[in-house]
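To start, the structure itself, in structure tokens.
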Amino acid sequence: MVVGKMKLTFQKRVQLAQGLWLLSWFATLGGAVTFTLGCFLKTELRRRGEVMDNTDIHCVPNTLMIVGLASMGINYFASRICQDALDPGRFPRWKTYLKPFFGCSVFFSTLMLLSVILSYAMKGSLESSLKIGLKNGIRFYKDTDTPGRCFQKQTIDRLQMEFQCCGNSNYKDWFEVQWISNRYLDFSSKDVKDRIKSNVDGRYLIDGLPFSCCNPSSPRPCIQYRITNNTAHYNYEHQTEELNIFIRGCREALVNYYMGLMNTIGAVVLSVFLIQCSVLASVRLLQTSMEAVAGQENVEIDTEGYLLEKGVKETFMEYVDPVLKLLLLNQVAPPEAKPEAGAAS
């Protein structure tokens, strides 16, 4: 069953070729935009790599960069095809390349659509990665003298100030870790001794926060120590008063930032995908309509173009069968040579 059959006059073929040439260059530009967005997202993810537990989310920008480069090549090839489409003497030279061209185009277009789906579906993976990464970042905040963790404090402080957040889930995460190094504690102080003795693990835990949690928009000077002690500060109610620190956790802030970024990129790439599909459909119509002109003296005759000569399933198997046969041939081991009979004595 022929799919997408359409009758094309000579004038319509000319208009189709001209429109396809312009559309293919738009799609080439879209491929460049896709590649650039992939590079930008990759850079943004690498900037926060220290507070991420794994790099699974990097599959999104990696895929975008691959399909962006492929899209530029595919659409440049399509623009060359449409230039020769109306010349019966030059168009046949593309015939041997068109089947591999369509196969590659469909593969990378599918990959482009997959990258759009991933940009929306990776929220869970991103959140779990940030949850563990931020937890470790807060735990190692004090280790400024430990090799490999020297800049952890600077990373967390810059992160909290830039995204106006505090802690992993919220500011109370800082109450559960010792974020002040022992080298800055006065162990002759009774308060320090009592706090360390009162903790099972011998850690110095306080209801305080790093300076980077302070909200500069608050009219009151920052209260970053004894936050839960109402008597330690004048005219202060911890339970009812709006604290002058950042309340939102950094995990929520980063997830919102990256998901907003990926959702925007996904919408742009989806638009590029639709343009790409239009280019492929147009190239296919032009190819099949021009095949009817081959060998004809009058090249201005009316012809019929179509998207698929057979059904979708039959066309799919036509491309897949050679690949499967090739794989099966590679898996079949060569027969062992039979040993020759020994010479008669």
Side-chain angles (χ1 to χ4, degrees), residues 23-79 81 97-134 251-284 312 315-316 319-320 322-324 326-327:
L23 190 63
S24 62
W25 282 110
F26 270 117
T28 304
L29 180 61
V33 171
T34 302
F35 176 76
T36 304
L37 290 174
C39 292
F40 173 71
L41 181 58
K42 181 81 171 178
T43 303
E44 285 297 298
L45 289 171
R46 287 177 66 88
R47 284 181 62 197
R48 312 295 172 199
E50 291 184 62
V51 293
M52 292 186 183
D53 181 56
N54 57 61
T55 58
D56 293 347
I57 192 67
H58 285 256
C59 68
V60 177
N62 292 343
T63 306
L64 288 174
M65 288 188 287
I66 292 171
V67 298
L69 289 173
S71 179
M72 287 190 283
I74 288 168
N75 290 294
Y76 174 75
F77 193 84
S79 68
I81 292 174
Y97 301 104
L98 285 174
K99 191 171 182 179
F101 166 76
F102 283 116
C104 292
S105 299
V106 170
F107 172 76
F108 283 109
S109 296
T110 305
L111 199 60
M112 183 179 289
L113 181 61
L114 180 63
S115 68
V116 175
I117 296 172
L118 286 175
S119 67
Y120 291 95
M122 292 296 287
K123 182 178 180 179
S125 176
L126 174 64
E127 191 165 5
S128 62
S129 176
L130 286 170
K131 181 179 181 180
I132 299 173
L134 284 168
R251 174 161 34 111
E252 179 188 351
L254 285 171
V255 168
N256 290 343
Y257 171 72
Y258 281 119
M259 289 310 300
L261 193 62
M262 288 196 289
N263 291 347
T264 303
I265 290 174
V268 174
V269 176
L270 182 60
S271 302
V272 176
F273 169 77
L274 295 175
I275 297 174
Q276 180 75 52
C277 291
S278 301
V279 169
L280 294 181
S282 301
V283 171
R284 180 60 175 166
V312 176
T315 305
F316 177 76
Y319 278 90
V320 172
V323 179
L324 294 177
L326 182 63
L327 292 175

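Values in this document were obtained by computation on a predicted structure and should not be read as measured data. Because only heavy atoms are used, hydrogens play no part in the values below, and waters and symmetry mates are left out as well, while side chains stay in.
For residues 56-71, the pairs satisfying side chain to side chain donor-acceptor pair (under 3.5 Å) are Lys42-His58, Lys42-Asn62, Ser71-Asn75, Ser71-Gln276, with sequence neighbours left out. Counting only residues at least two apart or in different chains, side chain to side chain donor-acceptor pair (under 3.5 Å) contacts with residues 24-40 are absent. Residue pairs meeting the salt bridge (charged side-chain N to carboxylate O under 4.0 Å, His left out) criterion with at least one partner in residues 267-277, sequence neighbours excluded, do not occur; the list is empty.
For the atom pair CG of Leu134 and CG of Leu254, the computed distance is 6.0 Å after rounding to the nearest 0.5 Å. Rounding to the nearest 0.5 angstrom, the gap separating the CD1 atom in Ile66 from the CE atom in Met112 is 12.0 Å. With rounding to the nearest 0.5 angstrom, the CG atom of Asn54 is 9.5 Å from the CG atom of Leu126. Note: Leu41 CG to Met65 CE = 8.5 Å, rounded to the nearest 0.5 Å.
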### Query
Where do Asp53 and Ser128 land on the side chain to side chain contact (heavy atoms under 4.5 Å, CB included) test, with the steps shown first?
CA-CA 8 Å; Asp53 181 56; Ser128 62; over 6 Å; no
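Here the closest non-hydrogen pair linking Ala78 and Val283 is CB-CG2, 4.0 Å. Across all non-hydrogen atoms, the minimal contact from Val279 to Ala27 is CG2-CB, 3.9 Å. Taking both residues in full, the closest heavy atoms of Ser119 and Asn263 are given as O-OD1, 3.8 Å, listed atom of the first, atom of the second, then distance. When every heavy atom of Val51 is checked against every heavy atom of Leu130, the shortest pair comes out as O-CD2, 3.6 Å. In this structure, Val272 and Gly31 approach most closely via the heavy-atom pair CG1-N, 4.2 Å. Closest approach of Ser129 to Met52, counting heavy atoms only: OG-CB, 3.5 Å.
Listed by chain and residue number, Phe77 satisfy the ring pair (Phe, Tyr, Trp, His ring centres under 6.0 Å) test with Phe101 (two or more places apart in sequence, or in another chain). Under the side-chain contact (heavy atoms from CB on, under 4.5 Å) criterion, Leu69 pairs with Phe35, Met72, sequence neighbours left out. Partners of Tyr257 according to the ring pair (Phe, Tyr, Trp, His ring centres under 6.0 Å) rule, which considers only residues two or more places apart in sequence or in another chain, are Phe163. Residues passing the side-chain contact (heavy atoms from CB on, under 4.5 Å) test with Leu270, sequence neighbours excluded: Leu113, Val116, Phe273. Listed by chain and number, the residues in a salt bridge (Lys or Arg N to Asp or Glu O under 4.0 Å) with Glu127 are Arg251 (sequence neighbours excluded). When the salt bridge (Lys or Arg N to Asp or Glu O under 4.0 Å) test is applied to Arg46, no partner is found at least two apart in sequence or on another chain. Every residue meeting the side-chain contact (heavy atoms from CB on, under 4.5 Å) condition with Val268, not counting sequence neighbours, appears here in chain and number order: Val33, Leu37.
Judged by distance alone, with hydrogens and angles left aside, the side-chain atoms of Ser109 form a donor-acceptor pair with the main-chain N or O of Ser105 at under 3.5 Å. Remark: the backbone N or O of Met122 is not paired with any side-chain donor or acceptor of Ser125 at under 3.5 angstrom.
A 4.5 Å side-chain heavy-atom check between Tyr258 and Ile57 finds every atom pair outside the cut-off. Between Ser278 and Leu23, some side-chain heavy-atom pair lies under the 4.5 Å cut-off.
The environment of Tyr76 atom OH is sparse: at most 12 non-hydrogen atoms of other residues, nucleotides or ligands sit within 6.0 angstrom.
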